[in-house]
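Structure record follows, encoded as structure tokens.
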Amino acid sequence: MNKRSRNPWLIYFIHVLIAAIVILPLAFGFVSSFRHLDDIFRYMSPVTWKTFIPTNLTLEAYVNLFSIRGFGRVLFNTFFVTTLTVIFGLFVCSLAAFGLSVFNFKGRNIIFVIVLLTFMIPEESIAIPLYRLVDSLGWINTYYALIVPGIANGLVIFLYRQFFMDIPKPLLEAARMDGASWFKIYWSIVMPLSKPVTVTASLLIFIQQWESFMWPLIATRTQEYRVIQVALSHLRTETGTYWNELFAAALISVIIPVLILLPLQRYFVQGITNTSTKD
Amino acid sequence: MVKFLNKGKYLKKMLLGLGDEMKSIKNISTPYLFLLPALIGLLLFKIYPIFSAFLQSLFTRQFLTVEQVFVGFANYSSLFTDPVFWNSLKVTAYFNLIINPLQVILAFGLAVLLNYQIRAIPIFRGINFIPVCISIPTAAILWDIMLSPEQGVVNSILISLNLSPQPFLASDSQALLSLIAIASWRGIGYWALFFLAGLQEVPKSLYEAASIDGANLWQRFKNITFPMMKRPLTFVVVSVTVANMLLFSPMYILTSGGPKQSTNVLMLESYNNAFLYSNMGRANAIVVIILLITLVVIAIQFKLLRPKH
């Protein structure tokens, strides 16, 4: 439905209004994170140009985050957890998708149904019952608790399977005739062809882990293993009135996924919307 | 390095060995070997917890010990006589009755707007993509400060427009609505992506044919857009419902269920039972109830949205 508008000015006006609502808190947070705490409050009311445009810039809030609040460790933890989940998740899920799309075997449909079922289950629904299992594995307050449950991902298996189904079968059969093992076919023929879906899958796993809150909150107890979303929540309870630091922390939590996802937006959108428009 | 390579080779052989002997047996097991790691992960960390929730809900911890005692459905019956639980149920229902239609309708509207062919559309699409990169906890922190009753920007703007400042999250009549606004600020842009993808797949010729036949805007929507969008619509309606039925972080971070329990949704009540009152049985009973309610709601949505023949 690529409409050509009869009244573009009205459309522009609505768009600018929506954009303002989306951007206002981010812009205000960005500006405030470079301010002295006193300045934020001083220029808040009445609203003037000084509310939104800073006069004295300072990196105080960011320095405090890293020197006092331990945000260096938090960022390390978050990157460590997301990176390992992406690497293992890509490998384990693409292997499974290869199995599902190349072979005909007993139980394939049941396994596919399990895959479909799991990708509608958000982390919140299983976080509380999962605690018992992870606790009995001795993983509470370890990196294992943060990484391992996120590796097998129904959505990622589904995306890879969709892609693998379109790879011409004769290509694989020819490789078989030449004596290649199935693993070799997977590793040196199928995976190199699947770079676009690998990008999509990486972004999906990355954003899921980056934004994960309830499970890390339950599964970790000490600062040592704290990841960014949990750290934000703690920061609010500990330093509720240090708005410059809260804004700085929130901005860090936004800017990193924006820098990674925005240039690769096309892959991300294609990946997630494929699940809604196709069977 | 050589050692590692050898090990890799050995592992490969072990996993998918294609040695001449026993070739047929190995061929049968090959697909399962590919599937094994993922299957274990899915069954253990996604499927099992759901059954585990039900099992755990049948037990309670004996007073001052760690021993688990089987109590049947006692956790459930005690919930149904607890006014706190009934309040949570009511709050969850109220929250979902507002937020789900709101997010679906606004996301659809935004998608239609983003589908107009105006020159600056890539910029607007980019801007509306930003909330996808914002986690709900981050959105909560940002808006908490924006909505601060004394010093917040929103109240400062209201005052400068000669309107009276509002308490927002600090009042029991506005807290839940404020949470709905915060969650929607972050959610609508995300759900609009699915509608936009759907809209772009509707063939243009259908609209052209309809305009030739003199169909008005509403008729075109009813007879072309809506039927063509059924699949993404069903997907978004169901996903929005699941996400919001289980929404936890903004209540946990901003209101702790207050003021006066006005934002104490079931998910938060379950978390508090598990980790504040150390009552895992009761917490899991609440999880089971949330999942059952969600399932029923989804089943109804599927029934209503399924194409009729």
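So you know, we letter chains A, B, ... as the sequences are listed, proteins then strands, and number each from 1.
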Exceeds 12 heavy-atom contacts within 6.0 angstrom, atom CZ of F275(B)
yes

With only heavy atoms counted, which part of N153(A) is less than 4.5 Å from chain B, the side chain, the backbone, both or neither?
backbone

Go through the atoms of L110(B) and report whether side chain, backbone, both or neither lie under 4.5 Å from a heavy atom of chain A.
side chain

Is it the backbone or the side chain of L133(A) that comes under 4.5 Å from a heavy atom of chain B, or both, or neither?
side chain

If you count heavy-atom pairs under 4.5 Å with chain A, which of L113(B), V287(B), L142(B) comes out on top?
L113(B)

For chain A, which candidate among S249(B), A283(B), A274(B) shows the most heavy-atom pairs at distances under 4.5 Å?
S249(B)

Are V269(A) and F129(B) side-chain neighbours, meaning at least one heavy-atom pair lies under 4.5 Å?
yes

Ignoring hydrogens and angles, tell me if any N or O in the side chain of Q56(B) forms a donor-acceptor pair with the backbone of P129(A) under 3.5 Å.
yes

Is there a donor-acceptor pair under 3.5 Å between the side chain of K46(B) and the backbone N or O of I114(A)?
no

Output for pair (E123(A) CD, L246(B) CG), nearest 0.5 Å, gives 10.5 Å

Which atom names give the shortest non-hydrogen contact between A250(A) and T138(B), and what distance separates them?
O-CG2, 3.5 Å

Are V22(A) and P131(B) close enough that some pair of their side-chain heavy atoms sits under 4.5 Å apart?
yes

Nearest heavy-atom pair of P8(A) and I118(B): which atoms, and what distance?
CB-CG2, 4.3 Å

If you count every heavy atom of other residues, nucleotides or ligands that lies below 6.0 Å from F45(B) atom CZ, does the total exceed 12?
yes

Under 4.5 Å to a heavy atom of chain A? For V154(B) that would be neither

In Å, rounded to the nearest 0.5 Å, how long is the span from CG of L246(A) to CD1 of I145(B)?
4.5 Å

Which one, L217(A), L130(A), I207(A), I14(A), leads in non-hydrogen pairs under 4.5 Å with chain B?
L217(A)

Is there a donor-acceptor pair closer than 3.5 Å between any side-chain N or O of R236(A) and the backbone N or O of I253(B)?
yes

Top residue by heavy-atom pair count (under 4.5 Å) with chain A, among G126(B), A120(B), G189(B)?
A120(B)

Heavy-atom contact with chain A under 4.5 Å, split by part of F51(B):
neither

Taking every heavy-atom pair that is under 4.5 Å apart, which of Y186(A), F268(A), W210(A) has the most such pairs with chain B?
F268(A)

Begin with the C-alpha distance, continue with both residues' side-chain angles, and end with the deciding distance and a verdict on side-chain contact (heavy atoms from CB on, under 4.5 Å) for L291(B) and S125(A).
CA-CA 7 Å; L291(B) 290 178; S125(A) 62; 3.7 Å; yes

Indicate yes or no: at least one non-hydrogen side-chain atom of S135(B) is less than 4.5 angstrom from one of F213(A).
no

Go through R108(A), K106(A), E211(A), E124(A) and name the one with the most non-hydrogen pairs under 4.5 angstrom from chain B.
E211(A)

Below 4.5 Å from any heavy atom of chain B, which atoms of L232(A) appear? Answer side chain, backbone, both or neither.
both

Is the number of heavy atoms from other residues, nucleotides or ligands under 6.0 Å of L10(A) CG greater than 12?
yes

Which answer fits F91(A), side chain, backbone, both or neither, if we ask what part of it has an atom under 4.5 Å from a heavy atom of chain B?
neither

Would the number of heavy atoms belonging to other residues, nucleotides or ligands and lying under 6.0 Å from CH2 of W187(A) be above 12?
no

Chain A interface, residue from L39(B), L193(B), V153(B), I50(B) that has the most non-hydrogen pairs under 4.5 Å
V153(B)

With a 6.0 Å cut-off (strictly less than), is the heavy-atom count around CZ of F30(A), excluding the residue itself, greater than 12?
no

If one checks every heavy atom of F195(B) against chain A at 4.5 Å, the contacting part turns out to be neither

Working for side-chain contact (heavy atoms from CB on, under 4.5 Å), residues F103(A) and L35(B):
CA-CA 11 Å; F103(A) 304 104; L35(B) 281 157; over 6 Å; no

Given a strict heavy-atom distance threshold of 4.5 Å, which part of L261(A) is in contact with chain B: side chain, backbone, both, or neither?
both

Measure M245(B) against the heavy atoms of chain A and call it side chain, backbone, both or neither at under 4.5 Å.
neither

Considering only heavy atoms, which portion of L254(B) lies under 4.5 Å from any heavy atom of chain A: side chain, backbone, both, or neither?
both

Hey, what do you get for CD1 (I128(A)) to CZ (F248(B)), rounding to the nearest 0.5 Å?
7.0 Å

Examine whether an atom of R186(B) lies under 4.5 Å from a heavy atom of chain A, and if so say whether it belongs to the side chain, the backbone or both; otherwise answer neither.
side chain

Is it the backbone or the side chain of N155(B) that comes under 4.5 Å from a heavy atom of chain A, or both, or neither?
neither

Answer key: most heavy-atom pairs under 4.5 Å with chain B among P122(A), P25(A), P257(A), G150(A) is P25(A)

Would you mind checking which part of V115(A) comes under 4.5 Å of any heavy atom in chain B, side chain (CB onward), backbone (N, CA, C, O), both or neither?
both

Contact part of S148(B) toward chain A, heavy-atom cut-off under 4.5 Å: side chain, backbone, both or neither?
side chain

Pick whichever of W243(A), F98(A), F28(A) has the most heavy-atom pairs under 4.5 Å with chain B.
W243(A)

Pick from G41(B), P49(B), S57(B) with the largest number of heavy-atom pairs that fall under 4.5 Å of chain A
P49(B)

Heavy-atom distances under 4.5 Å only: say whether I126(A) touches chain B with side chain, backbone, both or neither.
both

Check each atom of A243(B) against the heavy atoms of chain A and say whether the ones under 4.5 Å are side chain, backbone, both or neither.
neither

Okay, L44(B) and chain A: the region with an atom under 4.5 Å from a heavy atom over there is both

Check each atom of F54(B) against the heavy atoms of chain A and say whether the ones under 4.5 Å are side chain, backbone, both or neither.
neither

Could you tell me the separation between the CG atom of L36(B) and the CG atom of L95(A), rounded to the nearest 0.5 Å?
10.5 Å

For chain B, find which of S253(A), G107(A), A249(A) contributes the most heavy-atom pairs closer than 4.5 angstrom.
S253(A)

Taking the six-membered ring for Trp, are F34(B) and F183(A) parallel (under 30°), tilted (30 to 60°) or perpendicular (over 60°)?
parallel

Euclidean distance, Y12(A) OH relative to F124(B) CZ, rounded to 0.5 Å:
6.5 Å

Are there more than 12 heavy atoms of other residues, nucleotides or ligands under 6.0 Å from atom CG of L116(A)?
yes

Could you tell me the separation between the CD1 atom of I18(A) and the CD1 atom of I127(B), rounded to the nearest 0.5 Å?
10.5 Å

Looking at I21(A), is its backbone amide N or carbonyl O close enough to the side chain of W185(B) to form a donor-acceptor pair, meaning the two atoms are under 3.5 Å apart?
yes

Mind listing the closest non-hydrogen atom pair of Y252(B) and S233(A) along with its distance?
CE2-OG, 3.7 Å

Check whether more than 12 heavy atoms from other residues, nucleotides or ligands sit under 6.0 Å from atom CZ of F226(B), and answer yes or no.
no

Contact class of V102(A) relative to chain B, heavy atoms under 4.5 angstrom:
neither

Is there side-chain contact between L24(A) and M146(B), with heavy atoms separated by less than 4.5 Å?
yes

